[in-house]
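Notes follow once the structure below has been shown.
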Amino acid sequence: MDYNFSKIEKKWQAYWKANKTYKTENKSEKPKYYVLDMFPYPSGAGLHVGHPLGYIASDIYTRYKRHKGFNVLHPMGYDAYGLPAEQYAIQTGQHPAITTEKNIARYREQLDKIGFSFDWDREVRTCNPDYYKWTQWTFIQLFNHYYNNKTNKAESIAELVKIFEKEGNINIDANCSETPVFTADEWKSKSEKQQQETLLNYRLAYLSDTMVNWCPQLGTVLANDEVVGGLSVRGGYAVERKSMRQWSLRISAYAERLLQGLENIDWSDSIKEIQKNWIGKSIGAEINFHLSPALSKGERDLTPTLSKGEGVKPRFYTTNPLDWAALKDNAKKMRKEPTETENILWQCLRGNQLGFKIRRQQVVSNYIADFVCLSKKLIIEVDGKIHEQQKEQDAERTLELEKIGFEVIRFSNEEIIHNIDNVIDTIKYKLESKVLSLGEDLGEVSKALSFGEDLGEVIRIFTTRPDTIFGVTFMVLCPEHEIISSITTAEQKEAVANYLQWTKNRSERERQTEVNKITGVFTGAYAINPLTNQEIPIWISDYVLAGYGTGAIMAVPAHDSRDFVFARHFGLPIPQVILPTGEQAEDTANWKESKDSKEGTCINSGFITGMTVKDGIKAVIDFVEEKGIGKRMINYRLRDAIFSRQRYWGEPFPVYYKDGMPYMLDESKLPLELPAVDKYLPTESGEPPLARAENWHTEEGYPLECNTMPGFAGSSAYYLRYMDAHNDKEIFSKEANAYWQNVDLYIGGAEHATGHLIYARFWNKFLFDMGLCVKDEPFQKLINQGMIQGRSNFVYRFKGSNIFVSYNKVIGKVQLEQEDLERLGTLSLGDLNFHDSLPPSTEFKSFMEDKVQAIHVDINIVDNDILDIEAFKKWMPDYANAEFILENGKYHCDWGVEKMSKSLYNVQNPDDLVVRYGADTLRMYEMFLGPLEQSKPWDTKGIEGVFRFIRKFWKLYHNENNDFCVTDEKANPQELKVLHRTIKKIQDDIERFSFNTAVSTFMICTNELTDLKCHKREILQPLAVLISPYAPHLAEELWHISGNNESITFAAFPQLNEAYLVENTFNYPISFNGKTRFQMEFATDIPVAEIEKAVLAHPDAQKWLEGKAPKKVIIVPKKIVNIVI
RNA sequence: GCCCUGGUGGUGGAAUUGGUAGACACGCAGGACUUAAAAUCCUGUGACCAUUGCGGUCGUGCGGGUUCAAGUCCCGCCCGGGGUACCA
């Protein structure tokens, strides 16, 4: 053969290996460039053609950058921990390390055959103790740090402890679990255990009881990104919610920085969007809704029934939450520091002395009454000296209080000091004689009923739409909400208990799949809308999630679809409060769904009526902040990452337990190696496999952690370790990191958007905070290669027979012959006359669809959609006696694009293709398929074209006898133009990662040079460098036989000389009203006016003008001439 | 549902800034070479009309719009792929 690719490729692969051509140094005069691939999990199946797609692209870019004079770091390694190897170990008893080792060897062999320029000296394997030592080390650092909101970075726990010792935690603003305020003294009086417990609230790696995704089949918990639709991503097993004591990483502390960081990195919009959604920032407000007082705990029996007594439902309270919030501090202060006269009077009134319960400094409406008897609605005011100055205000106040049914009596300071007995008598008389009208009577209130104060029982809700607060008609709590037990009324107790039980037993999957099922229960309690003072019923439903916001919502049925269906189902009112732009208010009874409009005007909304949604939101938040009943709040959906796995094949935690508290091993004890176990299964008591290990404790005898780390632990900082892969003193040296900085180009699948790509950014930001790495984003540019889909082939079999019919006869494109019909005689084909009904009719097609069955057929026995009938018969025993109805003597298959999968018989293995066409052809073909980022079907038939091209390229350098024939003859301008046009285009294309068009460019260039019969060194030597990133073996061979002794790897990229590209003439398309009609060639420097003259004079132009004068002539130099008629 | 993407011949795709739509390749058809096959080379290949020749009409998912000019920009839909989901 002319071009012996297998000999050439083996030769140069051996050369590169022997000469360590791709070994990269950490010190160089050259500028650095870091190209990284997402390292693979070495599965037993080996690589398929989808795998190397990204590796080829990154390898091309790497080689290109080397030609451009960069020192390029391009490493590879293995994400070696993982479930498949462990599952295999459980089944076979073989240690997962052995399986992994074997799979890695296979991967390496496959990778080597494709000619990648990885620096294998830097290889990492996450399961290697030298590597996971630093995973463990980083975990210790996470444990020893907390997130300081004031400085917005991670800081040392040791420093935090110092602050606790000095001033407690009052001044600490940390991103931590909920922790009560304590003083320095309180801190010091805590036991060691208590202190450790408190510190766990702060640590970035912390142990806590968490609701986790427990997967019984896998016997482990899973992170949120490992669960989709209630099923595990690996294996598709059911996942349930369960509370377990687990390690978590406080990634939520970094939510804002993870979000902001997206602004400055060059990633695709779609992947940024996925991360933004995953982080899920929502800006809104937390607002306190007070419980309706009469239903506060323990006082239900004392319920006042001021208004129409509807059973136990109260309709009265002395003030509203707003005023209470505003005045409570004053009231309390005034109680503590009474004036002299107030005190004298109080001593006579207190403790039921008069037979009536009197309270002092009670908030009534928006005033603080000095004394009040609620059961008789009597207020007693003591007027000090200032009364003289504010008589008017006091009169007004009296009037207001009378309006709401109170009587006010006043005494002066003098009266009380000099005539206290008289004052008491007056009061007593008033109280005894006062008779309230029916329904107004508050009844006898014997126990202390501090209305205002007990309004302090609040439920905090989170909303992003505070502007809709006037449309709230009920509140919904998540079933886990802790307040439920204390607010549920006796009547509702049973119903609530039943509902809570039901939700508990409902699986996460059921909950998610039965979204349309509306369920809920009324607690019997009411809350007060702080803006309207209306009471709203409090419901419980599992459509409110415990993990988000406060686990409680204010329901706005008119403007939230979930609240809407809930309100409809339970018959709750639906008032409209937002008018979407351009709409009229309507009766919500006629609505089919809510109007969740983000734009519009507030209506029926008190003081925000008429405002836009945007202004309304601001106004309400300002209002609640001012009143101290709510505040601006930002919520993130991002949850802390659960970091424990109850599995064997993962990094052991460097953790031991003392007195039930976790402690970190000393760094000198690292790595803590994975111990041997007898079985890779949980123990009988349900402990993780590590509990089976012997001597799994420290030298002092403290037990070691039995969980292992999850898959993302080892992949979160591997890009940093590559910089200094063999450093046994530190995770990487400062110098190495200072030189390599971060990854310039990262290529990998988009499926890691919410897993690895978030965790790695978090991990990196933490190391950045520690001052270990210099960049706070790990991956500057990210490209997600598209999936390579499979192209499946189908054959059609007549149902109930073993007769296969060729594709075009199924769709009716080719007629069924008389003999075909005879062969099908036993299979009734009905009345259709096929000879007359052709060409294909939909009728025919649907008829046939009913008669035949599509069967997947192995793509390896199909060539160009033509089935190899003999191979098919041998393929499966069932088909040994298959009969065929052919077209033109061939069996044509149908085809379709599906995912690449063994079960669909459409898997392509790169090794076969390398054997048949060579690595260079495979590399170029994978690029030629289409844009890197786009998903596309793998179709082998196109590979022939690339193979032809490569041989044609080879022939530029060789004559008919396959002898090297490059000459030193001077190149002519035409040849130089071809070369430099190619240089320009190839460079442009690589820079914008458009590898498919680059391959086309090589083809065009080769076709042109072939036509020119060009065999000149001046052209062909630079051309070899140009193609070297794509077809490195071919290029290396041509480079050497052209007389070079060094590897082509570091040859300078050909310099573009624009001078060769200058065109003297341009062939103008002449268009009329935008439609191109003919062409005319003009010199590029000719004046526009002359072009116009010449064009209009052209006979063809005259034809199109039809004698009319052109309205306008547009001439864009070197682009187009357009004549408007 | 929401968000992101994409939709161009029989197929993969090209058209980078609004300026000749379909480059390049596959496939297909015809031809050359050959005893034959493979390989190689040449010609044609968006659809429709015309075909003796010149040629003409339509055409980038659909419907509008902006412009001298739209695959490309704007508005409204339809369909495929991916992400996400009671996230308030």
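Reminder, nothing fancy here: chain letters follow the sequence lines and each chain counts from 1.
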For a side-chain contact (heavy atoms from CB on, under 4.5 Å) check, start with the C-alpha distance between A:T1010 and A:K955, then their side-chain angles and the critical distance, and finish with the verdict.
CA-CA 8 Å; A:T1010 303; A:K955 282 184 183 157; over 6 Å; no

Given the rule in the side-chain contact (heavy atoms from CB on, under 4.5 Å) test, do A:M475 and A:I461 qualify, once you have shown the distances and angles that lead to the verdict?
CA-CA 9 Å; A:M475 175 185 273; A:I461 60 95; 3.7 Å; yes

Please lay out, stage by stage, how A:D988 and A:K984 fare under the test salt bridge (Lys or Arg N to Asp or Glu O under 4.0 Å).
CA-CA 6 Å; A:D988 279 6; A:K984 186 183 170 129; 5.7 Å; no

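The shortest side-chain heavy-atom distance between A:D920 and A:I950 falls under the 4.5 Å cut-off. At a threshold of 4.5 Å between non-hydrogen side-chain atoms, the residues A:V624 and A:P466 do not count as touching.
Between the C1' atom of B:C86 and the CD atom of A:E480 lies a distance of 13 Å, rounded to the nearest Å. Counting to the nearest Å, the C1' atom of B:C24 and the CE atom of A:M927 are 16 Å from each other. Distance A:F993 CZ to B:U16 C1': 15 Å, rounded to the nearest Å. The CD1-P distance, from A:I950 to B:A25, rounds to 14 Å in whole Å. Atom CD1 in A:I990 sits about 19 Å away from atom P in B:U16, given to the nearest Å. One atom, CG of A:N793, and another, P of B:U11, lie 16 Å apart when rounded to the nearest Å. If you take CE of A:M1003 and P of B:G12, they are 17 Å apart, rounded to a whole angstrom. Rounded to an integer number of Å, the gap from CZ of A:R992 to C1' of B:U17 is 12 Å.
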At under 4.0 Å between heavy atoms, which parts of nucleotides 65-71 of chain B does protein reach? Answer with one letter per nucleotide, 5' to 3': B base, S sugar-phosphate only, - none.
---BS--

Does the protein touch nucleotides 28-34 of chain B at the base, only the backbone, or not at all? Give it as B, S and - per nucleotide, heavy atoms under 4.0 Å.
-------

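A cation-pi arrangement, defined by a distance under 6.0 Å to the six-membered ring centre and an angle within 45 degrees of its axis, is absent between A:R923 and A:Y925. Stacking of A:K595 on the aromatic ring of A:W591 is recorded, both the 6.0 Å distance cut-off and the 45° axial limit being met. Remark: A:R761 is not positioned above the aromatic ring of A:W278, lacking an NZ or CZ atom under 6.0 angstrom from the ring centre and at most 45 degrees off the axis.
Contacts of A:V544 with the nucleic acid, taken as non-hydrogen atoms under 4.0 Å apart, include base atoms. Among the atoms of the strands shown, base atoms are found under 4.0 Å from some heavy atom of A:F928. Within the 4.0 angstrom heavy-atom criterion, base atoms lie near A:K517. If you check every strand for non-hydrogen atoms under 4.0 Å, A:I1004 touches sugar and phosphate atoms only.
Closest to the A:N996 side chain, of the nucleotides B:A88, B:U16, B:A14, is B:A14. Of the candidates B:C24, B:G12, B:U20, the closest approach to any side-chain atom of A:N1007 belongs to B:C24. Side-chain proximity of A:T463 to the nucleotides B:G19, B:G12, B:A88 is greatest for B:A88. Comparing B:A39, B:A88, B:G19 by their closest approach to the side chain of A:R951 singles out B:A39. Comparing atom distances between the A:R637 side chain and each of B:A85, B:G19, B:A88 picks out B:A85 as nearest.
A donor and an acceptor atom sit less than 3.5 Å apart, one in the side chain of A:K985 and one in the base of B:U16.
Searching all strands for a Watson-Crick or G-U wobble partner of B:G22 with both distances below 3.5 Å returns nothing. When both distances must be under 3.5 Å, the Watson-Crick or G-U wobble mate of B:G46 is B:C58. Across every strand in view, B:A70 sits unpaired, with no contact that passes the Watson-Crick or G-U test at under 3.5 angstrom. If you check B:U52 for Watson-Crick or wobble pairing at under 3.5 angstrom, you find it has no partner at all.
Residue A:R562 places at least one side-chain N or O closer than 4.0 Å to OP1 or OP2 of B:C87. Dashed line: the shortest gap from a side-chain N or O of A:R1077 to OP1 or OP2 of B:G55 is not under 4.0 Å. Residue A:R948 places none of its side-chain N or O atoms closer than 4.0 Å to OP1 or OP2 of B:C41. OP1 or OP2 of B:A88 has at least one side-chain nitrogen or oxygen of A:S282 nearer than 4.0 Å.
Residues A:R791 and A:G945 both approach RNA chain B. Their nearest nucleotides, taken by heavy-atom distance, put A:R791 toward the 5′ side. The residue among A:Q789 and A:L545 whose nearest nucleotide of RNA chain B lies closer to the 5′ end is A:Q789.
Inspection of the A:N635 and A:S282 side chains reveals no N or O donor paired with an N or O acceptor under 3.5 Å.
Atoms OH and CZ, on A:Y548 and A:R639 in that order, are 8.5 Å from each other to the nearest 0.5 Å.
You'll find the ring centres of A:W539 and A:F570 inside the 6.0 Å limit. Checked against the 6.0 Å centroid threshold, A:F1066 and A:F1082 do not count as a close aromatic pair.
When the P atom is compared between B:C77 and B:C87, the two are found 23 Å apart, to the nearest whole Å.
Classified by its glycosidic torsion, B:G9 falls in the syn category, the angle being within 90° of 0.
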Please list each protein N or O that sits under 3.5 Å from an N or O in nucleotides 3-10 of chain B, with the distance.
residue	atom	partner	partner atom	Å
B:C3	O2'	A:E273	OE2	3.2

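The side-chain hydrogen bond (donor to acceptor under 3.5 Å, both in side chains) test with A:R791 singles out one residue from A:N906, A:T940, A:D865, and that residue is A:D865.
Residues A:D894 and A:Y807 approach most closely at CG-CE1, 3.3 Å, considering heavy atoms.
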